[in-house]
Amino acid sequence: MVADLLKAEVHSFFHPCPLTISLGVYHRCFVCFKRINSKFSYKCKLNCWFGMHVECALKPIIEYSDEECTIQHFTHAHPLKLVDSNQKDEVICSICQELCSSSFSTYGCLECEFFLHKSCMKSIPQQLINHRIHPCTLIFITYPYEYDKCDCCGEHIVPGMKFYCGICDLNLHVKCALFPTIDSEDAKEIKHFSHPHTLALVQNDEEYGSEPRCVACAQICLAPAPTFRCSRSCSHFFLHKSCYVKLPYKSYTIKHPSHPDHPLTITSLPYNDHIRTCDACYWGIDSTFLAYSCREYECKFNLHLDCYKVLASISFSGHEHPLTLLEKIADVTCHFCGVNCCNLVLRCVPCDINIHLQCLPSAPKTIKHKSHLHRLTLTKSPFEYELNSDEEDDEFYCDVCEQKRNQKELIYYCVKCKFIAEVKCVIYEVLPLIYENNSFEKEIPKGDDVSQKVKFYPKIQKWHVENLLLKRIKLHEGQQELEAKMKQIKGELDGVEIEIRKTESILGNLVGGDSQLLIELVKNNSQLRDYLNDAGNQGLRIVLSR
């Protein structure tokens, strides 16, 4: 048996992992790229999905002397020979994708039109360990297929070579994998999936232009903060080095409670004058900035990078979606107190429910906070002039952060010291107590006593019942209006059809029912002639011919 003569496990020059004998797994050899017609082949013992001919796996490696100017390299099945400078016309290195000029030593296979800079050939490893883009070991493999996309830049990987993680099914262009990372002290250029072009380190103040803003944090980019910018013509694309570190390493998709049906991906929104709206906070998203966006064309769902971070979610019975805690929001009103929501709002995007955290029935009535000696009590502002003030110029402050606050929102207050704390400044004391005292799940008494059921019915669910009933009333009113319009349109349509029949009858009498005569009578009027010749008006001729 042939299988008995073959080793069960071998090591190949072309692949760093051990290979095991297998029965008909691959269609093409990952080394020579030719079809595997034999019954047996060798495949990677680990997770690389790398397979090759038996003869390619067992191929002896020839050691060439320096005088022969030939090298056997793991990136190609054939030996690579030093290319004469006269043969380098428009030759591209397969690793760095740069032109092989006469000033650099180049090795290649003329038969396969495969070329490498000597420097690239020496520097490329067969494995990348602890790489910034991906925590697992990345294995270099030669690759005969063309349907994969690079998980760094998003472009298709042309057949030839790539770095691959079999466990995570992650694919990288060789150039993207070997590109200097931001951790490199001398990194003057970097790549990031959020932008199609190379990003170059800003070397002098003149490159900043007129107060450019970072596409991630929206803050102004100024020296000495290290900043990268698009190396081509995208004048709006600047990215702080610190923001680059915080962003994901690849184009990850995330699931978000605000949009449970489809995943969201970090992307640059189309660059135009249209300002999109964040579907969590309702603030605008400038098209020059990065955002989380749904790739489904019909959705047009977008989130600020900050708004995708879910602080907490609270679920309650009778409602299918969780309420998501958002740090900031605009132009919505709390459904409990009726005050405009500015920050720390529990929001259900699909149902458009917005509730101040402090308005929840389970919000603690008193708390202890490190910023003050005494316990703080949940209350509205104790100062009448605050509650009655509608002047935009009036400023009211929180004693914890010393920032402006909305005087109409509930606060935590010390009567003795007149100390005021916004809820957002004591959030880490409030949230655990909300979960501990959560009143959303109060069990409603069973039986026929309606008054008892009403007594124990959770406040939020009661509001939701009222809101849904109001919604149903509006929908029913809209339905009645549409039905009335449809009746009116039906009557008008019937009248038009009667007039059409009268007109056709008179027209038929005038031409004696001869449609050909009608055509001849109006042939000099292009509008009427075209009307009669139109396929959609053949019915008129039929009527006249009766």
Side-chain angles (χ1 to χ4, degrees), residues 2 6-7 9-22 24-66 68-84 87-88 91-98 100 105-128 138-148 156-164 166 171-175 177-178:
V2 176
L6 298 175
K7 293 182 180 179
E9 183 174 314
V10 298
H11 286 81
S12 171
F13 170 76
F14 296 101
H15 191 64
C17 308
L19 303 169
T20 57
I21 194 71
S22 68
V25 176
Y26 296 93
H27 297 293
R28 289 185 178 276
C29 174
F30 279 46
V31 175
C32 68
F33 295 1
K34 294 178 181 178
R35 187 174 183 82
I36 299 178
N37 295 316
S38 60
K39 190 175 182 180
F40 297 98
S41 61
Y42 278 101
K43 70 170 185 178
C44 180
K45 185 179 181 179
L46 304 180
N47 298 289
C48 296
W49 293 98
F50 183 93
M52 57 198 303
H53 286 116
V54 170
E55 51 269 31
C56 289
L58 301 178
K59 182 179 179 180
I61 301 304
I62 303 172
E63 295 289 339
Y64 294 96
S65 64
D66 293 340
E68 293 178 275
C69 297
T70 303
I71 297 174
Q72 180 71 64
H73 199 260
F74 61 82
T75 56
H76 194 66
H78 305 139
L80 305 179
K81 295 184 178 181
L82 185 65
V83 179
D84 188 271
Q87 298 176 298
K88 292 184 183 178
V91 169
I92 301 296
C93 173
S94 294
I95 292 177
C96 69
Q97 300 296 308
E98 300 292 339
C100 296
S105 297
T106 301
Y107 283 77
C109 173
L110 296 177
E111 176 188 347
C112 301
E113 296 183 349
F114 178 88
F115 301 93
L116 298 178
H117 287 124
K118 184 178 180 180
S119 57
C120 292
M121 190 167 55
K122 285 188 172 183
S123 62
I124 185 171
Q126 281 191 290
Q127 300 182 65
L128 291 172
L138 298 170
I139 305 294
F140 173 89
I141 61 173
T142 46
Y143 190 69
Y145 302 110
E146 56 182 68
Y147 46 75
D148 284 330
H156 280 283
I157 297 176
V158 295
M161 59 180 74
K162 67 178 181 179
F163 277 93
Y164 180 64
N171 301 280
L172 293 178
H173 280 125
V174 171
K175 185 176 180 179
L178 298 180

Point to revise | More than 12 heavy atoms from other groups under 6.0 Å of NZ on K59 | key: yes

Review point. For the side chain of H53 and the backbone of R35, is there at least one donor-acceptor N/O pair under 3.5 Å apart?
Key: yes

Review point. Can you check side chain to side chain contact (heavy atoms under 4.5 Å, CB included) on F33 and T142, steps first, answer last?
Key: CA-CA 9 Å; F33 295 1; T142 46; 4.0 Å; yes

Exercise for review: Assess whether side chain to side chain contact (heavy atoms under 4.5 Å, CB included) is satisfied between V91 and V83, documenting all intermediate values.
Suggested key: CA-CA 10 Å; V91 169; V83 179; 5.9 Å; no

Exercise for review: Dump the intermediate steps for side chain to side chain contact (heavy atoms under 4.5 Å, CB included) on L116 and L80, then the final yes or no.
Suggested key: CA-CA 9 Å; L116 298 178; L80 305 179; 3.9 Å; yes

Exercise for review: Please round to the nearest 0.5 Å and tell me the distance separating atom CZ of F14 and atom CZ of F140.
Suggested key: 11.0 Å

Check your understanding: Between CD1 of I141 and SG of C48, what distance do you get to the nearest 0.5 Å?
Key -> 6.5 Å

Revision key, fill the gap. Rounded to the nearest 0.5 angstrom, the OG1-CZ distance for T75 and F114 is 4.0 Å

Practice item. State which residues pass salt bridge (Lys or Arg N to Asp or Glu O under 4.0 Å) with K162; sequence neighbours excluded, sorted by chain then number. Key: D148

Practice item. Could you give me the CA-CA distance, side-chain angles and deciding distance for S94 and M161, then say whether side chain to side chain contact (heavy atoms under 4.5 Å, CB included) is met? Key: CA-CA 9 Å; S94 294; M161 59 180 74; 4.0 Å; yes

Check your understanding: Testing F74, Y164, F50 for ring-ring contact (aromatic ring centres under 6.0 Å, His included) with F30, which one passes?
Key -> F50

Revision key, fill the gap. Distance col, row E111:CD vs K81:NZ, nearest 0.5 angstrom, shows 10.5 Å

Review point. Looking at side-chain heavy atoms only, is the closest gap between S38 and I36 below 4.5 Å?
Key: yes

Review point. Hey, does the side chain of H73 reach the backbone of M121 with a donor-acceptor pair shorter than 3.5 angstrom?
Key: yes

Exercise for review: Can you spot which of C17, P18, S22 makes a side chain to side chain contact (heavy atoms under 4.5 Å, CB included) with K45?
Suggested key: P18

Practice item. Answer yes or no: are there more than 12 heavy-atom neighbours, outside E113 itself, under 6.0 Å from its atom CD? Key: no

